[in-house]
Amino acid sequence: MTSSRTATLRTITSAALATACGLALAACGSSGAAPARSGGSASPTTTVVKGVTIASDPELTARLPEAVRKAGKVRVATDVPYPPFEMYVSEGSKEITGIDHDLGRAIGARLGVGFEFTGQKFDGLLPAVQAGKFDAVMSAMTDKKAREEAVDFVDYVNAGPGWLVKKGDPDGIKVVTDACGKSVSVQAGTNHQKILDQRQELCKEQGLPPIAVLAFPKDSEAQLALRSGKVSADFLDEVTATYVADTADGGATFDTVLGEAAVGPTSASPIGIGVSKSVPGLKEAVRAALQSLMDDGSYGKILDAYHVPGIAIPKATINGALD
């Protein structure tokens, strides 16, 4: 039911959520606090993220736009929850954790500023950045050429799409055309919604009825539609599909269907930090900080803490959309 490429992803269990708050108190601290400074000096400071000590680099701090240095933070918009990329520490909490949150904190720590995360609906993320409310988006957002018109992306992981289905896959989503004539859910405004629109052509070519696509503002709502039987499957990225299948109700409710046969011809796509075009120099500073985390192993250790080493990339790139 799962592709060999995602074998390591299947090791994501409910323990990952506990790990998100258990490895170090600092990993579950405020969602955007800047590292403590000593008397305003340029001396390096340290911050612990997922048990990894990140030291600031004054040379990288100097690359930041003056306004960001003075503010001491990068204002980041994100759509919560979308586990394991972004989620709340516990039910009812407003404290954010997840892959994006912790990588963002690590980048900020290396730059000597905070990454301050604020929740927004996914389809409103880019407009909010364009309106100047935020400096960046970090929300498992696929780098697409159309989106590059709104923001510049610093790409940090690769991930492909997958299906979340009910346990045992009762509606038989084995290959992509099995979705033809069935109702499926997806989060509105995502790359996955666009992929489903493209898959309608496959249904048409084979003389099959179209996919009935139900789009929801949040993926948690798309999952609820699956849970309640309104749809046969939820289409999302494979990392989140695997995480939800392994953790929801102790793994008793959902399964995944992954791989090219199931999702159609596609490849893992770059996911990026969308950086405002109105803050010159910020994307270059973020890219340099991310690359330094890749080079010293901190980046890999944070992904390992979430059991997703397979989505790592070797080089931080700007605007690397594959389409």
Side-chain angles (χ1 to χ4, degrees), residues 1-13 16 20 78-87 97-104 107 122 125 137-145 147-148 153-165 176 186-187 189-196 198-199 218-220 222-223 233-247 254-274 290 293-294 299-300 302-317 319-323:
M1 181 175 294
T2 61
S3 69
S4 59
R5 178 185 176 275
T6 57
T8 57
L9 296 180
R10 293 300 301 176
T11 64
I12 302 174
T13 65
T78 191
D79 176 44
V80 192
Y82 193 68
F85 285 98
E86 32 269 328
M87 50 195 170
T97 186
I99 295 170
D100 284 346
H101 174 265
D102 288 328
L103 281 177
I107 293 169
F122 190 87
L125 293 174
V137 166
M138 200 164 183
S139 195
M141 182 174 282
T142 303
D143 180 357
K144 304 291 289 183
K145 290 191 181 300
R147 288 174 175 163
E148 289 175 2
F153 283 94
V154 178
D155 299 325
Y156 59 100
V157 295
N158 275 351
W163 295 104
L164 183 70
V165 298
V176 62
V186 71
Q187 186 174 11
T190 62
N191 185 50
H192 304 105
Q193 184 178 18
K194 294 179 181 180
I195 292 174
L196 284 179
Q198 296 169 359
R199 297 299 178 256
K218 288 187 171 293
D219 185 67
S220 55
Q223 292 175 29
D234 176 23
F235 195 60
L236 66 171
D237 77 77
E238 60 185 349
V239 177
T240 298
T242 301
Y243 180 88
V244 171
D246 284 345
T247 60
F254 300 117
D255 270 330
T256 59
V257 184
L258 309 174
E260 185 173 328
V263 302
T266 187
S267 60
S269 301
I271 290 175
I273 304 167
L290 175 59
L293 295 171
M294 292 175 169
Y299 162 86
I302 293 172
L303 292 182
D304 285 344
Y306 284 95
H307 306 272
V308 289
I311 65 174
I313 59 175
K315 185 177 181 180
T317 58
N319 293 334
L322 296 177
D323 61 337

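- Note on ring orientation: taking the six-membered ring where Trp is involved, the planes of Trp163 and Phe235 are tilted (angle from 30° to 60°).
- The closest side-chain heavy-atom distance from Gln187 to Leu236 is not below 4.5 Å.
- Within the 4.5 Å cutoff, the side chain of Ile313 has heavy atoms near those of the Met294 side chain.
- Partners of Asp304 under the side-chain hydrogen bond (donor to acceptor under 3.5 Å, both in side chains) rule, at least two apart in sequence or in another chain, do not exist in this structure.
- When every heavy atom of Leu258 is checked against every heavy atom of Gly162, the shortest pair comes out as CD2-CA, 3.6 Å.
- Considering only heavy atoms from C-beta on, Pro84 comes within 4.5 Å of Thr240 through its side chain.
- At distances below 3.5 Å, at least one donor-acceptor pair connects side-chain atoms of Asn319 with backbone N or O atoms of Phe153.
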Exercise for review: Check the pair Tyr299 / Val157 against side-chain contact (heavy atoms from CB on, under 4.5 Å), numbers first and verdict last.
Suggested key: CA-CA 10 Å; Tyr299 162 86; Val157 295; 3.8 Å; yes

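- For the pair Asp100 (side chain) and Ala140 (backbone), a donor-acceptor distance under 3.5 Å is present.
- When all heavy atoms of Ile99 and Val308 are compared, the pair lying nearest together is CD1-CG2, 3.8 Å.
- The closest side-chain heavy-atom distance from Tyr156 to Ile107 is not below 4.5 Å.
- With hydrogens and angles ignored, the 3.5 Å screen pairs no side-chain donor or acceptor of Thr97 with any backbone N or O of Met87.
- A side-chain donor-acceptor contact under 3.5 Å links Ser139 to the backbone of Asp79.
- We find the CZ-CE distance between Phe85 and Met141 to be 12.5 Å, quoted to the nearest 0.5 Å.
- Proximity of Asn158 to Pro270: side-chain heavy atoms (C-beta onward) are separated by under 4.5 Å at one or more points.
- Here the CZ-CG distance, from Phe122 to Asp219, works out to 10.5 Å after rounding to the nearest 0.5 Å.
- Among all heavy-atom pairs drawn from Gly320 and Asp155, the shortest one is N-OD2, 2.9 Å.
- No donor-acceptor distance shorter than 3.5 angstrom exists from the side chain of Glu86 to the backbone of Gly98, with no hydrogens or angles considered.
- Residues Tyr306 and Val239 have side chains not in contact (no heavy-atom distance under 4.5 Å, counting atoms from C-beta outward).
- Contact check for Arg199 versus Ile195: side-chain heavy atoms found under the 4.5 Å cut-off.
- Summarising the geometry, atom CG belonging to Leu125 is positioned 7.0 Å from atom OG1 belonging to Thr78; distances are rounded to the nearest 0.5 Å.
- Considering every non-hydrogen atom in both Val257 and Ala262, the closest pair reads CG1-CB, 3.5 Å.
- Taking both residues in full, the closest heavy atoms of Gly189 and Arg147 are given as O-NH2, 2.9 Å, listed atom of the first, atom of the second, then distance.
- Remark: side-chain polar atoms of Asn191 are not paired, donor with acceptor, to backbone N or O of Thr142 under 3.5 angstrom.
- Using a 4.5 Å heavy-atom threshold, the side chains of Glu238 and Val263 count as separate.
- Remark: side-chain polar atoms of Lys218 are paired, donor with acceptor, to backbone N or O of Val80 under 3.5 angstrom.
- Shown here for Ile271 and Ala159, the closest heavy-atom pair between the two residues is CD1-CB, 3.9 Å.
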